[in-house]
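Reviewing the structure listed below.
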Amino acid sequence: MEVPARPVSRRGLLKGAAVAAGAAAVGIGTTGTAAAADASVTATAPDGSTAITMSLTGGVLTWSAKRRGATVIDTSALGLELDDGTTLGRSGTVITNYQHWTVDNTWTPVYGRNATVHDWYQEMRWNLRDTATLINFGVQIRAYPSGVAFRYVLLDKGTATVADELTTFVFPDGTLVYSARDEDTYNPVAPDSIPSTGTAGTDTGPLTDLPLTATYASGGLIACVCESSRVNFPRLMLSSVSGQPDALAAHLMEHTARGSGTVQTASTVTTPFATPWRAVVTGSTHAELVDNAELVLNLAPAGAPADTSWIKPGKVFRCNLTTADGTAGVDFAAARGLQYIEYDAGWYGPEGSTTDATGPIDAIDLPSVISYATGKGIGVILYVNRIALTSPDSLFARYRSWGVAGVKLGFINDGTQAMTNQITGWAKTAAAHSLLIDMHDDVRPFGYERTYPNWISLEGVRGNEHFPTASHNVTLPFARNIGGPMDYTICYGQSRDRTTNAHQMAMAAVYYQPLNFLYWYDSPSKYANTANWPGLPWFDAIPTTWDESRTLDGSIGRYVAVARRNGTTWYLGAMTDESARTLSLPLSFLADGTWTATVYADGTPGTYPYQTPVVKSTRTVTSATVLGVAMAPAGGQAVVLKPN
């Protein structure tokens, strides 16, 4: 990716004696070899909350980060390794130029957690030279109120082959990191205790996927390492470092996540080239971290198509694989306020062996289902396994000609440079054909829903259809969901749930998932007697994207409470782990006047959590009300707040 020119003020004068000395030694704007000089520069968020420092000491680059004076990342390494063994930033580095500026913008996403996003940061840039090879490169650092970020830039025109990234993340003593790989559950461990995983055909070692959340011995401080703007580059994992108990090191993936595809030990790029941003989203409290997740979006390139009217987030019902089930699904969606139905694996034949996804099985009259759905304002989404994506342009064109609204891609590989290019290429091709796209399995977020907002969701998580623990569910808002949209199917009314129905209901407000699959593994007939299902009106009404979002309380792996507004109505979801819990939640975010709160709460706990009934009640509240939210073990609460 070429580094874009910026219409901003640039200052070539270096501030501070050390930086000034470095500039004098190099001679800004000149050529030739210069002596290294020690220097340090800090980008500070405009509100003073966060800071990221980049230092050059004896020709070696390092970085560190703080939030409100507390150390988030201690002194850590910076650098890149090229395929010929050249290391940039590890020795003999000199500064050739320095720039800095402050940006204060507000932009409007096509959809999101909030109607507008504040892009407010200070940036510092060093242009650098490796004295041994005369290669010119740079490091850009940014500080936002929501966290910090940095990336590398290869400045010389031509090509370069990157073999590795030498970045480390050194945490303060006592830090725990929430490690998970390949859609496994999150496991809080010391940085040097990430379990070794992998096979002969995958990246092997003490590796963890991103997003990676860290909690600190000091208390409320929390951080989440993410990546953004990954283009033509491999996916980043992090690895424990032998002999460094508090450190994690960057690992650029060489294999696809699940072991099929060409191995790439290095990535060749056209230069100038900017690597993906390495972002550390931070919060002084766990709740604040959730509200700072838009940092990942701010770092991604804008790129919405001129016409986005066809990009419509919404709720989805998965149908069984017959014509009758499709039309029944359409009727159910129309009656229950859903926007889409979906035919999943098997609609064109056995997905593991069928490479032709251009026509349905005999049991499905797809044209009639699509026509029926269109007549009722319901879109149709089709699942496609990756082995049937040999000609995505022609396949997506065919689907669009049928009137299909979107595609859900299954068993998608991620990891290598080639896989990144394939994934972003699919999103671009789908956009060209006005199709929504949802990518499943171990695909990891990197902010590209801003660039291609038709890329409406992705999985990359231990899914709810595995019926995980409540503790897992209340970890995700502070971990995986920080990185971006999360397709996490809601399993309301399932006897395999290890949580209460109110817990499942609350997910629709707690998680950010603009494409939300509901009533998983069910048929419309199950809900024919609505008296048995008091949660239905909640799912009927709740949207999937928001004008305003506020996290009211939370602690990773223990509990969470989030309120989100769409129009004048607020939807509040709260969830707890296996412990019963009562939260006291001030409703100070409400506007003046009285409001009606419709509360869906846990009733008397059953023998198993899924047997705990949902009890519906109403009350009048104001902005002065402190709402007591009582939750059963593995329970939750869902509240609709409407102005009177």
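Counting begins at 1 with the first residue of the sequence.
A donor-acceptor contact closer than 3.5 angstrom is absent between the side chains of Arg67 and Thr50. In this structure, a donor-acceptor pair under 3.5 Å is absent between the side chains of Ser457 and Gln513. In this structure, a donor-acceptor pair under 3.5 Å is absent between the side chains of Arg462 and Thr185. Side-chain polar atoms of Asn421 and Asn232 form a donor-acceptor pair below 3.5 angstrom. Of the N and O atoms on the side chains of Tyr448 and Ser229, not one donor lies less than 3.5 Å from an acceptor on the other residue. Residues Tyr144 and Arg142 bring a donor and an acceptor atom of their side chains to less than 3.5 Å of each other. Side-chain polar atoms of Asn516 and Thr544 form no donor-acceptor pair below 3.5 angstrom.
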For residues 297-309, please give each side-chain donor-acceptor pair under 3.5 Å, one per line with the distance, not counting sequence neighbours.
residue	atom	partner	partner atom	Å
Asn298	OD1	Trp107	NE1	2.8
Asn298	ND2	His118	O	3.1
Asp307	OD1	Ser309	N	3.0
Asp307	OD1	Ser309	OG	2.7

Check residues 484-491 and write down every donor-acceptor pair under 3.5 Å in which the side-chain atom is one partner and the other belongs to a residue at least two apart or another chain.
residue	atom	partner	partner atom	Å
Asp487	OD2	His440	NE2	2.7
Tyr488	OH	Asn473	OD1	2.5
Thr489	OG1	Glu465	OE1	3.1

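Between Phe137 and Leu154, the closest heavy-atom pair is CB-CD2, 4.3 Å.
One finds the CE atom of Met124 at 4.0 Å from the OH atom of Tyr98 (value rounded to the nearest 0.5 Å). A distance of 7.5 Å separates CH2 of Trp63 from CG of Leu78, quoted to the nearest 0.5 Å. To the nearest 0.5 Å, atom CZ of residue Arg564 and atom OG of residue Ser549 are 4.0 Å apart. Interatomic distance, CD1 of Ile141 versus NE2 of His100, reported as 11.5 Å (0.5 Å rounding). Here the straight-line distance linking atom CG of Leu212 with atom OG of Ser179 works out to 7.0 Å at 0.5 Å rounding. Within the model, atoms CG of Asn413 and CZ of Arg235 stand 10.0 Å from one another, a figure rounded to the nearest 0.5 Å.
With hydrogens and angles ignored, the 3.5 Å screen pairs a side-chain donor or acceptor of Ser76 with a backbone N or O of Asp74.
In this view, Arg278 and Glu165, Glu227 satisfy the side-chain hydrogen bond (donor to acceptor under 3.5 Å, both in side chains) rule, not counting sequence neighbours. Partners of Arg558 by side-chain contact (heavy atoms from CB on, under 4.5 Å), not counting sequence neighbours, listed by chain and number: Ser555, Asp577, Arg581. In terms of the side-chain contact (heavy atoms from CB on, under 4.5 Å) criterion, residue partners of Ala405 (sequence neighbours excluded) are, by chain and number, Tyr340. The side-chain contact (heavy atoms from CB on, under 4.5 Å) test applied to Asp441 returns Glu183, Arg258, Phe411, Glu459, not counting sequence neighbours.
Considering only heavy atoms from C-beta on, Val626 stays 4.5 Å or farther from Leu585 through its side chain. No side-chain heavy atom of Val189 sits under 4.5 Å from any side-chain heavy atom of Tyr178. The side-chain heavy atoms of Val72 and Val280, taken from C-beta on, include a pair separated by under 4.5 Å.
Cation-pi geometry between Arg230 and Phe446 is met: the NZ or CZ atom falls under 6.0 Å from the ring centre, inside 45° of the normal.
Taking the six-membered ring for Trp, Phe150 and Trp277 have ring centres at least 6.0 Å apart. Checked against the 6.0 Å centroid criterion, the rings of Phe539 and Tyr492 qualify as a close aromatic pair.
Within 6.0 Å of atom CG in Asn105, more than 12 heavy atoms from other residues, nucleotides or ligands are found, so the atom counts as buried in its surroundings.
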Practice task
Take Asn464 and Gln504, measure what side chain to side chain donor-acceptor pair (under 3.5 Å) needs, and give me the verdict at the end.
Solution key: CA-CA 9 Å; Asn464 198 31; Gln504 294 289 322; 2.8 Å; yes
Practice task
Go through Tyr186 and Ser471 one step at a time and tell me if the side chain to side chain donor-acceptor pair (under 3.5 Å) criterion holds.
Solution key: CA-CA 10 Å; Tyr186 281 93; Ser471 296; over 6 Å; no
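Looking at Arg444 and Asp209, a side-chain N of the basic residue comes within less than 4.0 Å of a carboxylate O on the acidic one, giving a salt bridge.
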